[in-house]
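What follows is a set of notes on a single structure, which appears directly below.
A, B, ... follow the sequence lines: proteins, then strands. Residue 1 opens every chain.
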Number of protein chains: 2
Amino acid sequence: MPKSAYHHGDLRSALLEVTAQLVREKGARGFSVSEAARRVGVSIAAPYRHFDDREAMLAAVATRGFTELQETLDGVADPGDQVVRAVAIAEAYVGFALADTARFEVMFAASIDKDRHPELLECAGRVQSGLQDALRELVGDDPAGVVRRAAELWSIAHGVAALLVEDRLAHVVGPAGEDTVVAGAVRAWATGLAG
Amino acid sequence: MPKSAYHHGDLRSALLEVTAQLVREKGARGFSVSEAARRVGVSIAAPYRHFDDREAMLAAVATRGFTELQETLDGVADPGDQVVRAVAIAEAYVGFALADTARFEVMFAASIDKDRHPELLECAGRVQSGLQDALRELVGDDPAGVVRRAAELWSIAHGVAALLVEDRLAHVVGPAGEDTVVAGAVRAWATGLAG
DNA sequence: TCCTCGATGAAAGAGCCTCTTACATCGCAG
DNA sequence: CTGCGATGTAAGAGGCTCTTTCATCGAGGA
């Protein structure tokens, strides 16, 4: 809600939104502070009042993405069977990645310095925690085991998502058949946990 | 071997080398054609005689990386036990990624347009083929099954590698303990294939 | 031997970008 | 109603990519 012609009123939010939009359209590399400012209709220097630099704008989008990812994973219902549940969580992860591939890439972009944006590491920690909670019943009481298995499940889901996002699995999966890879992998993995 | 002071003689190779070096030092985003030219000691326009653009230089480094990855995976000995073999291949994949994380990122960088550099998709196909060969004994005769399982193994290895490269698994693995995640995941997966 | 030609280099510039510095304008607290 | 902090603009330094134009080289034919 702009309070006046001069002062935007909520420039920070507006910039965040247009940044997310630009990333979706052109990818992280295609995004520029200049164009974000232009689209919002402010001068090129204005964004620097709200964000340290270009990287900080991308980091903010990434952080927001992690929050939504967390909600998505938390929203997966427990179907009773713990193997089925693990599969469902991994499928939700992959679905999230494919829903907005550019944002997913920004969330895991190497170009963002984690020392300057420690909140990103926290987000990763929360994903890890959520998976641990979900796996406790499947894995058993060993705390170290739960931690390790959560990392494994995350790795499987993330690997499928990353390769799909990068179009490296095109030969394998037919159209709309993406989930068979992640489902197959997680099912085998979860089955193998018992044996 | 410079043939003269004016003509470099092997500028293309020299640029490739310094590009790989720059990527290792500063990451894909930190790399610039200008600095590569400066380091080799030629004008800024010279690289454009040998590469279409900046992206082509990165793509060349990525392609070379895929070749070496292929060799690394092919070089994994068959220890007899097919589960152990799958684990060893995945560990080799992760080891390759950690040996030069920046190059690994470039190999899977979204910023490189695959339409303009189809050789990168071919490389991915070769990795896929290699894994299929390695898994044939473990999976059995079903050709479609081999294809799917190879994609799964690749996904697991790639997921662990990507998360380790992005420092997202720091809480889980102690120093030098990275391999436990990929080994555990692949072992469970391969075990579950049978059951 | 000389000369031409194609390949490979340099020089210079257009246009874009990030980020900084100095200044203008606003709303609000006292 | 006044002064101050927050938030905007203007202008510019310095860097980058890529293009265009020109200079220089090596090699092969006359």
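Using a 4.5 Å heavy-atom threshold, the side chains of B:R54 and B:F31 count as touching. Side-chain contact check for B:V106 versus B:I112: some heavy-atom pair is nearer than 4.5 Å.
Residues of residues 44-60 of chain B that place a heavy atom closer than 4.0 Å to DNA chain D, in numerical order, are B:I44, B:A45, B:Y48, B:R49, B:D53, B:R54. Of the residues in residues 19-37 of chain A, none lies under 4.0 Å from DNA chain D by heavy-atom distance.
Both A:W154 and A:V83 belong to a common hydrophobic cluster when Ile, Leu, Val, Met, Phe, Trp and Tyr are linked at side-chain heavy-atom distances under 4.5 angstrom. Tracing side-chain contacts under 4.5 Å through hydrophobic residues (I, L, V, M, F, W, Y), one reaches B:Y93 starting from B:F66; they form part of the same cluster.
The interatomic distance linking B:L11 (CG) with D:dG26 (P) rounds to 16 Å, in whole Å. Atoms CZ (A:R38) and C1' (D:dT9) sit 16 Å apart, rounded to a whole Å. Between the C1' atom of D:dC18 and the CZ atom of B:R116 lies a distance of 12 Å, rounded to the nearest Å.
Contact record, A:V182 with A:A157: CG2-CA, 4.4 Å, taken as the closest heavy-atom pair.
We find that B:R85 and B:E137 are not joined by a salt bridge, their nearest charged nitrogen and carboxylate oxygen being 4.0 Å or further apart.
At distances below 3.5 Å, at least one donor-acceptor pair connects side-chain atoms of A:E55 with backbone N or O atoms of A:D113. Using modelled atom types, one side-chain atom of A:Q70 and one backbone atom of A:V127 make a donor-acceptor pair closer than 3.5 Å.
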